[in-house]
Novice: 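Sharing a structure, written as structure tokens. Questions coming.
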Amino acid sequence: MKFLRNGVEKLRKLYHAPGSRFHKLWPAFDAFETFLFAPSHTAPKHGPHVRDYVDLKRAMNTVIIAMLPCLLWAIWNTGQQHFLAWQGLVDAGKATHDAYVAGWLQSLLGMDSVSPGAPEYVAFGLQRMLPLLIVSYGVGLGIEVVFSILRKEEVSEGYLVSGMLIALIVPASIPLWQLAFGVAFAVVLGKEVFGGTGMNVFNPAMLVRAFLFFAFAAQMSGDAVWVAGNNASHLIDGFSSPTPLAIVKSNEVLDATAELAKHHSTADLFFGNVSGSAGEMSKFCVLLGAAWLLLSGIGSWRTMLGGVLGLVGSAFLLQLFLPAGFGGPATLMPFEHLLVGGFLFGIVFMATDPVSSPETVTGQWIYGALIGFVTILVRTVNPAYPEGTMLSILLLNAFAPTIDHFVVAANIRRRKVRLERQ
Amino acid sequence: MITHQVKRGFDLGVAGAPARQMVDAPEPVVVAVRPGDFPGIKARLLVQEGQTVRTGDPLFLDKLAPETKFCSPATGKVSSVVLGERRALLRVEITPGANDTFAPLPHFDLRNLSSLPRAELVGALLQSGLWPLIRQRPIGRIAGEDVEPVAIFVNGMDTEPLAADPAFAVHGRGDDLQAGIDVLRALTRGKVYLTARAGDAQREFASLHGAEVHAFDGPHPAGLVGTHIAAIRPLGLHECAWYLKAQECVAIGEWARTGRYPCKRVVAVAGSAAAERRYVRVRQGAPLSVLNAGKAPGQGVRVVNGTLLTGSVEPNPGFLGYYAATVTMIDEGADRRDLFGWALPQPRRLSFHRSVWPFARTASGLEVDARMHGGHRPIVNLGSWEAVTPLDILPTFLVRAIQANDLDEALKLGLLEVTEEDVALCTVVDPCKTDVGAIIRKGLDLYAKEI
């Protein structure tokens with residue numbers, strides 16, 4: 001530790017003082033230094049003389065810890081789904097183990113596709129997830145550091161969470177150049193033009209997904225993209241599998257619960273033995289993360305609970321007024337809407353983003369409930385998109401200041417009444 | 001008696017509370033009176049170096065309110081007049097002689113208070129240098145003499161970390177306290193309120209009459225006058241209330257009973273870097289070494305005139321501040337750097353956030369220093385400001401309105417219900433290290449300039 005500290009002090013001489021050699025780049029150095037050692041500057045002369053041990057680094061790190069179960073499951077399940085799909089093709093006589101092409105990490109480790117087990121799953125998962133993380137963090141943090149240097153202010157930690165989220169909400173098969181494009185778009189136009197962390201209107205990670213969804217629809221939607229492979233587009237030739245929501249999307253499906261049960265058991269849906277975007281499949285892992293966020297007090301329980309009640313409640317109410325012959329996801333049992341799609345992940349990790357959600361506690365209830373409501377509307381009433389979480393969170397991000405406005409107006413009205421009583 | 005329960009708030013479990021033991025400090029060799037202790041005034045010097053002054057003789061006045069005098073707490077020679085930049089008065093130092101000679105101050109019979117014209121009483125307080133003890137809400141500065149308050153609040157409790165307990169500081173001074181309340185009652189047609197901890201309200205303050213006693217229970221800021229006003233008598237537009245601490249009320253009572261300038265104060269010496277932690281009866285404006293067993297505080301120690309939440313740093317060697325009922329000494333900590341401070345769980349650190357340690361909020365006996373523990377960031381609202389603010393205000397929106405220089409909106413959001421002390425906890429618990437109090441003061445200054 002002494003050695004580290006001396007190293008940091010030496011480094012500090014290179015950039016800290018104005019006029020020193022690398023002073024123009026100080027935000028980049030400072031980010032590295034404060035990653036190692038907490039800063040030692042002390043409180044000003046007036047006002048509180050002691051400060052909470054928490055800082056934004058810790059707050060953001062807490063969210064990253066909450067996402068770790070999802071990340072670990074993403075690594076495992078990306079591999080598991082890949083080999084299940086391959087075995088399915090082999091069993092159907094459409095492929096042979098001899099024809100299996102291994103990826104870079106599999107080749108390095110000398111792995112093949114015959115009787116894959118845990119090591120093979122993890123190796124394949126890492127082979128896809130590591131590049132996603134590296135591109136997401138590399139591009140995003142790179143842009144953040146450049147903007148910090150231009151603005152001459154410390155690098156903010158907001159992107160540490162966004163970077164991980166982005167890797168978890170795209171299909172593991174996404175081409176890396178598309179991901180890089182999406183990240184650059186969202187960080188520059190969704191965040192930095194507004195002034196950086198704390199100033200953005202939309203959740204940056206969700207913006208990446210929306211950008212990719214509309215710009216590269218072929219790689220972000222349909223039945224083929226949810227299981228990663230090793231061909232040129234990171235897919236398995238000739239394999240496709242619809243997501244649970246896509247299975248029940250057709251209006252001809254009059255009993256969605258039964259239709260879903262033909263493909264997936266409730267346990268598989270809950271624990272995440274299904275294909276989908278990289279990190280959102282396992283509701284169990286999402287709930288582990290939610291528990292940690294609530295325990296640490298970083299995530300708003302009002303948004304989460306409001307969202308779940310809004311989703312289940314809207315689905316329930318919708319069923320009461322369903323016209324005869326109306327099929328599709330509307331016929332799912334209300335709680336099943338939590339088990340399919342990315343809603344749970346979205347409401348736990350993305351809707352609770354403190355910057356793009358309402359700041360009043362009443363506002364958070366309304367915001368959460370409306371996200372649930374709009375998600376159900378997109379899922380059931382609109383004929384095109386099977387999933388509505390992304391669009392409903394982005395829509396409510398846009399309305400968050402409006403919701404706050406009405407809650408603040410109520411506070412002002414209350415004050416006026418109170419003062420006029422005197 | 002009415003008891004108010006304050007739910008939202010946070011008690012900082014800091015180590016170094018003063019022992020409940022009262023001693024007399026030795027007489028100081030020099031005392032200082034400083035305009036800097038009274039924010040918002042412009043001082044005009046009334047004495048010269050070498051001049052002899054009596055206890056209670058005016059030393060300077062406020063150019064903006066020339067009736068307000070600031071008096072000498074000792075009898076002796078003006079040994080030095082220290083001027084700062086642009087010849088602004090920094091302090092008047094007096095070398096006390098052996099005995100106090102008291103300046104003849106305006107005096108009246110306590111029994112005839114009700115027949116005394118209010119203006120005469122106000123004039124007497126101004127002339128006697130006691131007026132600065134009375135402060136007003138909104139804005140939180142020395143009371144304006146030309147406005148009648150709708151209520152006067154005497155604060156018999158203090159929930160700030162390591163703060164002197166007013167009930168203990170005024171113990172045995174019941175007559176002076178009563179006389180003080182009688183004087184205050186003659187200053188308003190509204191009520192005089194005395195606020196206290198539930199237990200003290202029934203013990204120490206039980207025999208008082210003329211003041212309506214309210215008890216407050218709960219974590220800090222349950223003991224702040226802002227909390228009390230909001231709970232007891234919210235202020236309407238263009239209304240103001242006056243407030244003072246119980247000990248300051250005792251000082252007024254002492255003056256009313258004896259006709260002498262009250263030159264002694266009880267101060268709690270607290271904080272883990274203090275040599276002896278206890279209550280000290282000391283002359284106003286004494287050097288701080290008098291409180292620290294005769295020694296100047298050590299290197300690397302932050303000496304705070306006041307509490308850890310609302311005091312100001314006193315340069316070393318320094319003097320006791322005019323309003324300070326507590327002097328807190330903690331380590332500065334500027335040479336300490338924690339490896340991976342942002343990542344490791346910290347069971348023995350001051351924190352409101354369970355991400356630092358799940359049981360952090362209930363910890364006590366914590367060693368603290370003055371470090372910020374993080375870099376300054378744009379506001380990211382994790383709800384902690386609201387969680388420590390019992391007032392019906394929205395601190396984040398209020399701060400944003402002030403930052404945008406939108407005074408109208410800030411007033412609508414309750415700017416006048418707070419001063420920096422009411423939002424001190426927000427500053428403490430903020431992960432983004434925003435100085436909320438400084439922003440609130442900026443808003444109040446803006447307001448004061450506009451009216």
Side-chain angles (χ1 to χ4, degrees), chain A residues 1 4-5 8 30 34-62 65 153-158 195-199 295-298 300 354-355 359-361 364 404 407-408 411-412 414-416 418-422, chain B residues 12 14 234-237 239 302 304 308-309 311-313 330 332-343 346 349-356 358 368 370-375 377-383 386 392 394 396-397 412-414 420 424 427-429 431-433 435 437-438:
Chain A
M1 178 167 159
L4 260 181
R5 176 82 191 267
V8 163
D30 177 83
T34 53
F35 174 82
L36 283 176
F37 289 101
S40 64
H41 59 280
T42 54
K45 287 195 161 146
H46 304 283
H49 302 279
V50 288
R51 297 300 161 97
D52 202 301
Y53 203 74
V54 83
D55 63 350
L56 201 60
K57 272 194 186 57
R58 180 178 288 269
M60 293 302 166
N61 186 43
T62 309
I65 293 172
E153 59 186 38
E154 291 178 30
V155 181
S156 219
E157 290 82 4
T197 297
M199 321 285 183
L295 178 84
S296 59
I298 297 285
S300 162
V355 176
E359 302 186 54
T360 54
V361 288
Q364 287 166 0
D404 269 343
V407 179
V408 170
N411 177 283
I412 291 174
R414 213 159 48 234
R415 171 167 301 103
K416 223 173 142 196
R418 192 165 60 222
L419 298 189
E420 274 165 8
R421 225 174 22 219
Q422 296 304 334
Chain B
L12 281 60
V14 179
L235 299 177
L237 207 61
E239 284 186 338
R302 174 175 285 224
V304 180
L308 288 177
L309 289 184
S312 1
V313 172
I330 57 168
E332 184 78 21
D335 54 340
R336 299 174 191 167
R337 301 203 67 176
D338 298 347
L339 185 64
F340 298 125
W342 53 277
Q346 300 284 357
R349 296 288 189 179
L350 170 69
S351 184
F352 182 71
H353 295 263
R354 289 188 296 260
S355 54
V356 174
V368 291
R371 277 179 298 165
M372 298 288 283
H373 298 304
R377 295 286 179 274
I379 297 172
V380 174
N381 186 350
L382 297 176
E386 285 76 8
D392 185 23
L394 299 164
T396 326
F397 291 88
K412 281 190 207 159
L413 286 166
E420 53 267 67
T427 308
V428 172
V429 302
C432 303
K433 312 296 175 188
D435 194 342

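Atoms considered below: every heavy atom in the structure, side chains included; atoms not considered: hydrogens, waters and symmetry mates. A, B, ... follow the sequence lines: proteins, then strands. Residue 1 opens every chain.
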Novice: For a quick test of reading the model, state the closest non-hydrogen atom pair linking A:Arg5 to B:Asp335 and the distance between them.
Specialist: NH2-O, 3.6 Å
Novice: Do A:His46 and B:Ser312 come within less than 4.5 Å of each other through their side chains, counting heavy atoms only?
Specialist: yes
Novice: Is any side-chain heavy atom of B:Thr427 less than 4.5 Å from a side-chain heavy atom of A:Arg51?
Specialist: yes
Novice: Which one wins on heavy-atom pair count under 4.5 Å against chain A: B:Ala424, B:Ala334, B:Gly333?
Specialist: B:Ala334
Novice: Using a 3.5 Å distance criterion without hydrogens, assess whether the side chain of A:Arg415 forms a donor-acceptor pair with backbone atoms of B:Asp392.
Specialist: yes
Novice: Provide the closest heavy-atom pair for A:Pro48 versus B:Val428 in the form atom of the first, atom of the second, distance.
Specialist: CB-CG2, 3.6 Å
Novice: For the interface with chain B, which of A:Leu4, A:Val155, A:Val8, A:Val355 has the highest count of heavy-atom pairs at distances below 4.5 Å?
Specialist: A:Val155
Novice: Mind ranking B:Ala438, B:Cys432, B:Gly375, B:Ser351 by heavy-atom pairs under 4.5 Å with chain A and telling me who comes out on top?
Specialist: B:Ser351
Novice: So which of A:Ala38, A:Ser300, A:Gly47, A:Gly198 has the biggest tally of heavy-atom pairs under 4.5 Å with chain B?
Specialist: A:Ala38
Novice: Quick one: OG1 on B:Thr396 to CD on A:Glu359, what's the gap to the nearest 0.5 Å?
Specialist: 5.5 Å
Novice: Measuring heavy-atom distances to chain A, does B:Val304 have an atom under 4.5 Å in its side chain, in its backbone, in both, or in neither?
Specialist: side chain
Novice: Under 3.5 Å, side chain of A:His41 to main-chain N/O of B:Gly374, donor-acceptor pair present?
Specialist: yes
Novice: Heavy-atom pairs under 4.5 Å with chain B - which of A:Thr62, A:Val54, A:Leu295 has more of them than the others?
Specialist: A:Val54
Novice: Could you tell me which of B:Ile379, B:Leu237, B:Leu12, B:Asp338 has the largest number of non-hydrogen atom pairs under 4.5 Å with chain A?
Specialist: B:Asp338
Novice: Grab the two heavy atoms, one from B:Leu382 and one from A:Pro354, that are nearest each other, plus how far apart they are.
Specialist: CD2-CG, 3.7 Å
Novice: Are B:Met372 and A:Pro44 side-chain neighbours, meaning at least one heavy-atom pair lies under 4.5 Å?
Specialist: yes
Novice: Please classify the contact of B:Arg337 with chain A as side chain, backbone, both or neither, using a heavy-atom distance under 4.5 Å.
Specialist: both
Novice: Just verifying a value: how many Å separate B:Arg336 CZ and A:Ser40 OG, rounded to the nearest 0.5 Å?
Specialist: 11.0 Å
Novice: Which pair of non-hydrogen atoms, one from A:His49 and one from B:Gly311, has the smallest distance, and what is that distance?
Specialist: NE2-O, 2.8 Å
Novice: Among A:Val361, A:Val408, A:Asp404, A:Ile412, find the residue that satisfies the side-chain contact (heavy atoms from CB on, under 4.5 Å) test when tested with B:Leu394.
Specialist: A:Val408
Novice: Below 30° counts as parallel, above 60° as perpendicular, anything between as tilted: where do the rings of B:Phe340 and A:Phe35 land?
Specialist: perpendicular
Novice: So what's closer than 4.5 Å to chain A heavy atoms on B:Phe352: side chain, backbone, both or neither?
Specialist: both
Novice: Measure the spacing between CZ of B:Arg354 and CD1 of A:Ile298 and express it to the nearest 0.5 Å.
Specialist: 9.5 Å
Novice: Quick one: CG on B:Leu235 to CG on A:Leu419, what's the gap to the nearest 0.5 Å?
Specialist: 8.5 Å
Novice: Quick check on B:Val429 against chain A: is it the side chain, the backbone, both or neither that has a heavy atom closer than 4.5 Å?
Specialist: both
Novice: Measure the shortest side-chain to side-chain distance between A:Thr42 and B:Arg302 over non-hydrogen atoms and say whether it is less than 4.5 angstrom.
Specialist: yes
Novice: By a 4.5 Å heavy-atom criterion (distance strictly below it), what part of A:Ile65 contacts chain B: side chain, backbone, both, or neither?
Specialist: neither
Novice: Which answer fits A:Ala43, side chain, backbone, both or neither, if we ask what part of it has an atom under 4.5 Å from a heavy atom of chain B?
Specialist: both
Novice: Quick one: does B:Trp342's side chain get under 4.5 Å of A:Thr34's, heavy atoms only?
Specialist: no
Novice: Please flag which part of B:Glu420 lies under 4.5 Å from any non-hydrogen atom of chain A: side chain, backbone, both or neither.
Specialist: neither
Novice: Would you check if A:Arg58 and B:His373 make a side-chain contact, meaning some heavy-atom pair closer than 4.5 Å?
Specialist: no
Novice: Closer than 3.5 angstrom, by distance alone: can the side chain of B:Arg377 be matched with the main-chain N or O of A:Thr197 as a donor-acceptor pair?
Specialist: no
Novice: Rounded to the nearest 0.5 Å, how far apart are CZ of B:Arg371 and OH of A:Tyr53?
Specialist: 6.5 Å
